[in-house]
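Both counts, for ligands and for their atoms, begin at 1 and track the order of listing.
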Amino acid sequence: MRQRHKPWADDFLKENEHIVIPNAIDNKGEWQSIFKNGHPIHIEVGTGKGQFLVGMARQHPEINFIGIEVSKSVIVSAAEKVLDSGVENLLLLNEDAADLREMFTENEIATIYLNFSDPWPKNRHEKRRLTYRTFLEQYKVVLDPKGKVIFKTDNRELFEYSLVSFNEFGMKLEEVNLDLHAIEDPLNVMTEYEEKFAAKGQVIYRSRASF
Ligand code: SAM
């Protein structure tokens, strides 16, 4: 993702710690006490500039959302969107989601969204794909037993790889959509990447799976 250099990002994040929560590990098992409403928690790994989660937070006031984004300059853009939108059911974490078990306790999460995750096409980088089995092991721990992993991508190879990975892990595939935009779905909230790829005529894939 292209990033503008934002030297003021540290100051901005310091001023907006009510949105971009620092030290996520300190809140492991305590996220409900920040939202204070008992609503289920959905997270997105690799939130980018936040368009998807802001749209989802608007559409679903009955759900709490947490976006995790490793890039500081990118999460600043997401935080600006949260501020502009005024949504109160969305928090951001400027963290590397290498191990979600550090930030969330067992069963704390109801849904994990993976949107247009980096494909890591080289075989030797397979372990970096967010649908590699070691990531699925973490997702299984932090998700509640009925929890879902919802995955969207334009990358056919990553999609096929991920379906096989879910299947080999024993996950149940509840949806496999090979052309998400073939039928207009007013409830589908588009991500920045989704908009960009769809505008170029690329097919968008989506799956929903549970453990
Ligand atoms: N989800 C957005 C969308 O669909 O428009 C952004 C997609 S972009 C290809 C992937 C994003 O994931 C980047 O912003 C990148 O910084 C972030 N990312 C990659 N690995 C990550 C990790 N381990 N933890 C948190 N964010 C990560």
In terms of the angle between their ring planes, are [X] and [Y] parallel, tilted or perpendicular, with boundaries placed at 30° and 60°?
{"X": "Trp120", "Y": "His125", "answer": "perpendicular"}
{"X": "Phe65", "Y": "His42", "answer": "perpendicular"}
{"X": "Tyr193", "Y": "Phe116", "answer": "tilted"}

Per-atom contacts of ligand 1 with [X], taking only distances under 4.0 Å to non-hydrogen atoms:
{"X": "Ala97", "value": "22 (C), 23 (N), 24 (N), 25 (C)"}
{"X": "Thr191", "value": "3 (C), 4 (O), 5 (O)"}
{"X": "Asp96", "value": "22 (C), 23 (N), 24 (N)"}
{"X": "Glu192", "value": "5 (O)"}
{"X": "Glu44", "value": "1 (N)"}

Shared hydrophobic cluster, Phe135 / Leu173 (ILVMFWY, side-chain heavy atoms < 4.5 Å): yes
Kindly confirm or rule out an N or O of [X] lying under 3.5 angstrom from an N or O of ligand 1.
{"X": "Gly46", "result": "yes"}
{"X": "Ser71", "result": "no"}
{"X": "Glu69", "result": "yes"}
{"X": "Val70", "result": "yes"}
{"X": "Phe116", "result": "no"}
{"X": "Ser117", "result": "no"}

Steps toward ring pair (Phe, Tyr, Trp, His ring centres under 6.0 Å) verdict (Phe169, Phe211): CA-CA 8 Å; Phe169 201 82; Phe211 289 96; 5.8 Å; yes
Lys/Arg cation over aromatic Phe197: Lys200, 6.0 Å, 45° cone: no
Per-residue contact class, Glu95 against ligand 1 - non-hydrogen pairs under 4.0 Å: backbone
Residue part near ligand 1, for Val45, under 4.0 Å between non-hydrogen atoms: neither
Distance-only side-chain donor-acceptor flag, Glu194 / Asn115, under 3.5 Å: no
Best match, Asp154, Ile68, Asp118: closest heavy atom to atom 10 (C) of ligand 1: Asp118
Please report the interatomic distance [atom1]([X]) to [atom2]([Y]), rounded to the nearest 0.5 Å.
{"X": "Tyr139", "Y": "Leu100", "atom1": "OH", "atom2": "CG", "result": "6.0 Å"}
{"X": "Ser162", "Y": "Tyr132", "atom1": "OG", "atom2": "OH", "result": "13.0 Å"}
{"X": "Gln138", "Y": "Arg101", "atom1": "CD", "atom2": "CZ", "result": "5.0 Å"}

Non-hydrogen atom of Lys49 closer than 4.0 Å to ligand 1: no
